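Since the structure comes first, as structure tokens, the remarks are kept for the end.
Quantities reported herein were computed from a predicted structural model and do not represent experimental measurements.
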Amino acid sequence: MANASVIALVGTGWKSVGGQLLASGVLLLSGYQDIGLRARMGAAFRFFMAIAFGISALVTAMRANLSYAAVICAMVLCSEAFLIRRWWLRRAAA
């Protein structure tokens, strides 16, 4: 019975991390769309929320002892930061 509860907890951790990463990706794309519409305040808010969801996913992965998920979350956070910086600077130059 103890093994079943451990498996249930691991599955819940992965689902939570996956949902937070999905929300982070959706907010990132929404922010990119706002940059195209020149809605800078909306884009800044959405980028902030994307980073917040990414950090939340990383913390959830670390607390659930999902080492591979933590590595994936760290890579996603670095990629998001790179893309946000690139898109923001490209739009500022235009």
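Here the CZ atom belonging to R46 is positioned 4.5 Å from the CG atom belonging to D34, to the nearest 0.5 angstrom. Between the CG atom of L28 and the CH2 atom of W87 there is a distance of 4.5 Å, given to the nearest 0.5 Å. With values rounded to the nearest 0.5 angstrom, L27 atom CG is found 9.5 Å from L22 atom CG. Taken from OG1 in T60 to CD1 in I55, the straight-line distance is 11.5 Å, to the nearest 0.5 Å. Between L83 atom CG and L29 atom CG the span is 9.5 Å, to the nearest 0.5 Å. A distance of 11.0 Å separates CZ of F53 from CD of E80, quoted to the nearest 0.5 Å.
Between W88 and F47, the two ring planes are perpendicular [angle over 60°; tilted spans 30° to 60°].
Across A61 and V17, no two heavy atoms sit closer than the pair N-CG2, 3.7 Å. When all heavy atoms are compared, the tightest approach of A70 to L58 is O-CD1, 3.4 Å. The minimum heavy-atom distance between A43 and I35, with the atom names listed, is CB-CG1, 3.7 Å. Contact detail for I51 and L77: the closest heavy-atom pair is O-CD2, 3.9 Å.
Proximity of a side-chain donor or acceptor of S79 to a complementary backbone N or O of M75 within less than 3.5 Å is detected. Judged by distance alone, the side chain of S24 and the main-chain N or O of Q20 form no donor-acceptor pair under 3.5 Å.
When hydrophobic clusters are built by joining Ile, Leu, Val, Met, Phe, Trp and Tyr residues whose side-chain heavy atoms come closer than 4.5 Å, directly or via intermediates, I84 is grouped together with Y32.
Applying the 6.0 Å contact sphere to CZ of R63 captures no more than 12 heavy atoms from other residues, nucleotides or ligands.
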